[in-house]
Amino acid sequence: MKLKLLAFLTLFFHFTLGQTQEPWHNHKNYKEEIIKSIKENSEFNYNNSIISPQKNNTSSLPVTKSSNFQFINGINIAWVNYGRDIGKESNGTEYHPDLTTFSNIMDQVVNAGGDVIRWWYHTNGSTNPVFDTNDDFVAPNPTFFATDLIAILDLAASKGLKIQICLWSFDMLKGGQWNVNSSRNKKIITQDAYLQAYLNNALLPLVNTVGNHSGLYAWEIFNEPEGMTLQYASGWPDFTDRVTMTNIQWMINKTTAAIKTAQPNVKVTNGALGFITAIDNSSNGFINEYTDQKLIAAGGQTNGTLDYYNLHYYNWAGTNGSPFHNNYSAMNLDKPTVIAEYYPIDTFGVTASNLGTTLLQRGWDGSLVWSWTDKPWNEIEPVLLNLSSFLSISSFANQNELNLYPNPVKDRITITGLVTNTTIEIYDLMGKKILTKTASLNHNSIDLSYLSKGIYVLFLKNDSQTRGIKISKE
């Protein structure tokens, strides 16, 4: 009898170690909770100086980079039901996406001129992936996981949108959450056998089913994984397990390589906490933890490198850590970089509605506002509308026949189909006007052969509107 009781207790503690059944909630104040913990623990003492001294004036055009990366304009959902958009509990309870709500969110984004939505898939491991309860290895996906994900991507594609799928958040090691087993999740980040089981049974079947779906923008490995480390987040509360940056780099490298080997044409990225972990600037204590060199050194896979960077910004980082106050060109970055989280609020002198356009003008590669879960739509919408208006040149077209080509350009750029009374202006890297030209109705050919390689901004202006588009000079 004693042996039977001991066996029962052993199984009980195996299943419940690091896991809680506290009431589940949808984390409506998710980001505010994180920001509060950062401020209270004073881990980042950014002052309000600017990294590279320059005018804090978004009406002038900054030094920027040469890149064919298409600027993206969108939002974070980041979930409809936190950790339960697609999932299955060990007791058999299934969770399926609320496609009506997804559709309504997508319609709002499209109507505001957005093109990309960032959405979380596993999140914290509470219901997805599924695990073998005998050994903690990830088990094969239920069939409906792929079916439900394809339904979301199909819905996005039907509306002209793309989804950036964020796989994991640092919440995976916060065992105090509903149904989260942090010690089990940690094994995926630290032990090869557990990672391989996750890749083989959960991720790669999904990646191969999705393929290069027209509704897929990219796979994102982690949301702010630095939060799981003592190095960057020792004061963050409620973690029941921790890992190192080397563990994180190892998993990113291995997982990225697996995705790219299976589907070479899809993009992969990772969501960084902020400048402090995504920028190499030793005088400010910043270090880019996600360079090709560091990822390969950790995991050994030469194809396990990111296609572009995602970094986040909140006002705890001041202007020193702000993409709204510092130009991309001053950051020593080697890849396109999307600002993938920020609040739609007035930010150290930059008004909320101008945040997206400021990112474009400062040479960054995308704007994803945080978030549908945290902020009302009437605060998010103006950011998207202002940016989409700035990016669009369709209102200057004669019967929607406007064409601008080639872009990138070597010698001459041609614009056709403009309406009358449109002025064409081109600005150089320092915001200096290169030329002004009154458009001909049918054909406008502009010689750019004398310009240096790099990014310029071409403006179309009429009596009531101004629109800008980045052009790349080869």
| task | Using only heavy-atom distances, determine whether the side chains of Ser183 and Asn181 contain a donor-acceptor pair under 3.5 Å. | result | yes
| Phe324-Tyr342 aromatic ring centre distance below 6.0 Å | yes
| Do the side-chain N and O atoms of Ser126 and Asn124 include a donor-acceptor pair separated by under 3.5 angstrom? | yes
| request: Say whether Asn26 and Arg84, considering side chains only, have a donor N or O and an acceptor N or O under 3.5 Å apart. | output: no
| Are a donor atom and an acceptor atom from the side chains of Lys335 and Thr305 found within less than 3.5 Å of each other? | no
| request: Kindly assign one of parallel, tilted or perpendicular to the pair His96 and Phe144, based on the angle between their ring planes and the thresholds 30° and 60°. | output: tilted
| Would you say the side-chain atoms of Thr351 and Asn354 include a donor-acceptor pair closer than 3.5 Å? | yes
| query | Can the ring centres of Tyr198 and Trp168 be said to be less than 6.0 Å apart? | reply | yes
| message | Can you classify the ring geometry of Trp79 versus Tyr82 as parallel (below 30°), tilted (30 to 60°) or perpendicular (above 60°)? | response | perpendicular
Please set out all donor-acceptor pairs under 3.5 angstrom arising from side-chain atoms of residues 374-382, sequence neighbours excluded.
unit_1	atom_1	unit_2	atom_2	d
Asp374	OD2	Lys31	N	3.4
Asp374	OD2	Tyr343	OH	3.0
Asp374	OD2	Trp370	NE1	3.0

| query | Can a donor-acceptor pair be found between the side chains of His325 and Asn320 at a distance below 3.5 Å? | reply | no
| Residue pair Asn281 / Asn332, side-chain donor-acceptor N/O under 3.5 Å | no
| query | Any chance the rings of Phe71 and Trp364 have centres within less than 6.0 Å? | reply | no
| Between Glu220 and Asn270, a side-chain donor and acceptor under 3.5 Å | no
